[in-house]
Amino acid sequence: MAFELAPLPYAYDSLQPYMSAETLEYHHDKHHKAYVDNLNKLIEGTDYEGKDLETIIKESFGKDAGVFNNAAQNFNHIHFWPWMTKDGGGKKVPGAILALIDRDLGGFDKFRADFLAAGATQFGSGWAWLTLKDGKLEVTKTPNGENPLVHGGWPLLGCDVWEHSYYIDYRNARPKYLEAWFDNLINWDHVEELYAQAPGA
Ligand code: MN3
């Protein structure tokens with residue numbers, strides 16, 4: 001069965017003023033849709049057809065760039081929408097996650113600084129991540145559509161730092177976008193859900 005575009009879990013204007021309706025209309029309806037459509041076209045009639053998204057991502061990494069890029073970006077965006085919520089962000093971290101941040105990342109403030117730095121220093125398009133790997137949290141960054149799944153990790157939180165995610169609202173000011181995103185939009189409930197789903201958790 002072909003992959004379908006995951007619906008945006010809120011109204012287009014619900015993340016304003018931190019992310020505009022125009023950004024979400026383009027980002028979800030054009031960019032995410034294109035990844036899904038391209039993925040379906042590329043896997044039709046191949047061994048990938050019928051496999052689940054994570055399997056396709058892992059099997060195509062380093063082998064089939066077109067399939068990989070579109071499959072990974074579909075996965076990343078399926079989570080990017082619920083990683084954001086109106087009135088989110090800031091220090092509303094659930095206790096269980098905060099305890100891990102304290103244990104592995106030197107506390108909330110250092111985690112925030114490291115996450116923002118990862119996003120700001122990713123050269124060109126990519127993602128900043130809070131990743132669970134070998135039972136420990138890490139802050140990482142990846143280029144293009146790459147994600148922690150292909151590096152033995154499990155993504156708990158990711159911020160899209162492709163220009164299509166911020167250029168309409170912030171122009172070239174990626175660090176401003178990252179700060180606004182982190183402090184006002186993060187949906188920690190989805191981070192907690194992913195933590196509960198982590199392989200081996
Ligand atoms: Mn994107």
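Just so you know, ligand 1 is whichever comes first in the structure, and atom 1 is the first atom listed for that ligand.
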(request) Mind running side-chain contact (heavy atoms from CB on, under 4.5 Å) on His77 and His28 for me, showing each step along the way? (result) CA-CA 8 Å; His77 288 81; His28 178 270; over 6 Å; no
(message) Checking side-chain polar atoms at under 3.5 Å, does Asn69 have a donor or acceptor matched by the opposite partner on Tyr35?
(response) no
(request) Examine His32 together with Phe80 and report whether their ring centres are nearer than 6.0 Å. (result) no
(message) Could you check whether Tyr48 and Ser60, counting side-chain N and O atoms only, form a donor-acceptor pair closer than 3.5 Å?
(response) no
(request) Have a look around the Mn ion (ligand 1) and list protein N/O/S atoms under 2.8 Å, or say none. (result) His27 NE2, His77 NE2, Asp160 OD2, His164 NE2
(request) May I ask whether Tyr26 and Tyr18 are part of the same hydrophobic cluster, defined by side-chain heavy atoms of I, L, V, M, F, W, Y residues being less than 4.5 angstrom apart, directly or through others? (result) no
(request) Say whether Gln73 and Asn76, considering side chains only, have a donor N or O and an acceptor N or O under 3.5 Å apart. (result) yes
